[in-house]
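Index from 1, following the sequence.
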Amino acid sequence: MNGSEPRHAAHESVEERIAEEIVAEHDLHQVPSAKDDEEEPLPSMSEQIAEQLGGVRGLIESSLPVLAFVLLNVLLGESVAGLEKRQALLWAIIGSVGTALAIGGFRLARKQPVRHAVNGLFGIALGAWLAWRTGDAKNFYLPGILLTFGQAAVLLVSVVVRKPLIGYAWGIMANKGHQDWFGNTRLFRTFQWLTLLWVASLCVRAGIQYYLYAMNEANALGIVRILVSWPIYAGTFAFTAWAIHRVTTAQKREAVS
């Protein structure tokens, strides 16, 4: 959750881009007060995320290098084109890195933001290096798996120490950078259990991928990352947006009643 969960740009930039589509109908702004009415309103959460993330286009662009790796590794492998395993892996790496470079170059030529493209290239390059060094395509996905487990651990610790990171994310994106939600018991509890929800979501996503990794199912890993892992993220983000909206809307009504 771009901004909704701690992230490593290489792995989570894709997921953050889904956020723009999910929060389009949710207003997650702070509960208004008399002081707030005198201030210039902050752009909606949707507008802020849309400015920072690539939306559907960004999701597609970030998916292409992974898709290129999976397709080339399968089509050029021994079961189809008949190339030796390491040769097929080399061409899959070249195709994946080349696709990421082409996307970055295209954006640069059109004078569009390249931050996410550069971040994505870093992640692709790291996975490609591990895959080539070990000679095993499954290690292309290992950094993302380990990172996702790490994110779950960080989120869990934040709940244990009663500093839920989902609350901090909301404060930055929808509360003008203020973290005064600590004094709001209902919001605090909401952020606590929502952070635990993200822990579970991350563990499910990473757990499915790790199972396939342990089973040496490199191609299935790529398919899961594209078709399963990101939709799980999208669903978790949507539910989080709804839950926060529900609480803040109720408190707005109470404030004016």
Please say yes or no: joined through hydrophobic side-chain contacts below 4.5 Å, possibly via intermediate residues, are [X] and [Y] part of one cluster?
{"X": "Val157", "Y": "Leu147", "result": "no"}
{"X": "Tyr210", "Y": "Leu130", "result": "no"}
{"X": "Phe191", "Y": "Leu196", "result": "yes"}
{"X": "Leu212", "Y": "Leu71", "result": "yes"}
{"X": "Val161", "Y": "Leu156", "result": "no"}

[X] [atom1] to [Y] [atom2] distance, which is reported to the nearest 0.5 Å:
{"X": "Ile124", "Y": "Ile103", "atom1": "CD1", "atom2": "CD1", "answer": "9.0 Å"}
{"X": "Arg225", "Y": "Ile208", "atom1": "CZ", "atom2": "CD1", "answer": "14.5 Å"}
{"X": "Glu217", "Y": "Leu221", "atom1": "CD", "atom2": "CG", "answer": "8.5 Å"}
{"X": "Leu194", "Y": "Thr240", "atom1": "CG", "atom2": "OG1", "answer": "5.0 Å"}

Residues in side-chain hydrogen bond (donor to acceptor under 3.5 Å, both in side chains) contact with Ser201, at least two apart in sequence or another chain
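With sequence neighbours excluded, Ser201 shows a side-chain hydrogen bond (donor to acceptor under 3.5 Å, both in side chains) to Thr236, given in chain and number order.
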Which heavy atom of [X] sits nearest a heavy atom of [Y], and at what distance?
{"X": "Cys203", "Y": "Ala152", "result": "SG-CB, 3.8 Å"}
{"X": "Val66", "Y": "Gly222", "result": "CG1-O, 4.4 Å"}
{"X": "Phe140", "Y": "Ser96", "result": "CZ-OG, 3.6 Å"}
{"X": "Ile93", "Y": "Ala131", "result": "CD1-CB, 4.4 Å"}
{"X": "Gly135", "Y": "Leu89", "result": "C-CD2, 3.8 Å"}
{"X": "Pro65", "Y": "Thr99", "result": "N-CG2, 3.9 Å"}

Report the residues that fulfil side chain to side chain contact (heavy atoms under 4.5 Å, CB included) with [X], sequence neighbours left out, ordered by chain and then residue number.
{"X": "Trp129", "result": "Arg133"}
{"X": "Ala92", "result": "Phe69, Leu72, Asn73"}
{"X": "Arg162", "result": "Phe188, Gln192"}
{"X": "Ser158", "result": "Leu165, Thr195"}

Assess whether side-chain contact (heavy atoms from CB on, under 4.5 Å) is satisfied between Leu202 and Phe149, documenting all intermediate values.
CA-CA 7 Å; Leu202 288 165; Phe149 276 127; over 6 Å; no
What I'd like to find out is whether the side chain of Gln251 reaches to under 4.5 Å of the side chain of Leu187, using heavy atoms alone.
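The answer is yes, as the side chains (C-beta and beyond) meet within the 4.5 Å cut-off.
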Non-hydrogen side-chain atoms of Ile166 and Leu197 separated by less than 4.5 Å
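A side-chain contact under 4.5 Å is absent here.
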Using only atom types and a distance under 3.5 Å, with no angle test, would you say the side chain of Trp170 pairs donor to acceptor with the backbone of Ile244?
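No, Trp170 side chain to Ile244 backbone: no donor-acceptor pair under 3.5 Å.
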Assess whether side-chain contact (heavy atoms from CB on, under 4.5 Å) is satisfied between Val199 and Val159, documenting all intermediate values.
CA-CA 10 Å; Val199 171; Val159 172; 5.5 Å; no
With ILVMFWY side chains joined below 4.5 Å, transitively, what does Val160's cluster contain besides itself?
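Reading the cluster by chain and number, Val160 sits alone, since nothing else belongs.
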CZ (Arg86) with more than 12 external heavy atoms under 6.0 Å:
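Count over threshold, so yes.
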Going by the rule ring-ring contact (aromatic ring centres under 6.0 Å, His included), which residues pair with Phe182 if we only count those two or more places apart in sequence or in a different chain?
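For Phe182 the ring-ring contact (aromatic ring centres under 6.0 Å, His included) partners, ignoring immediate neighbours, are Tyr168.
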Going by the side chain to side chain donor-acceptor pair (under 3.5 Å) test, which pairs reach into residues 135-147, not counting sequence neighbours?
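Residue pairs with at least one partner in residues 135-147: Thr134-Asn139, Lys138-Asn216, Asn139-Tyr213.
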For Arg186, what residues pass the salt bridge (Lys or Arg N to Asp or Glu O under 4.0 Å) criterion, not counting sequence neighbours?
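So Arg186 forms a salt bridge (Lys or Arg N to Asp or Glu O under 4.0 Å) with Glu254.
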Where do Tyr233 and Val228 land on the side-chain contact (heavy atoms from CB on, under 4.5 Å) test, with the steps shown first?
CA-CA 9 Å; Tyr233 168 86; Val228 178; over 6 Å; no
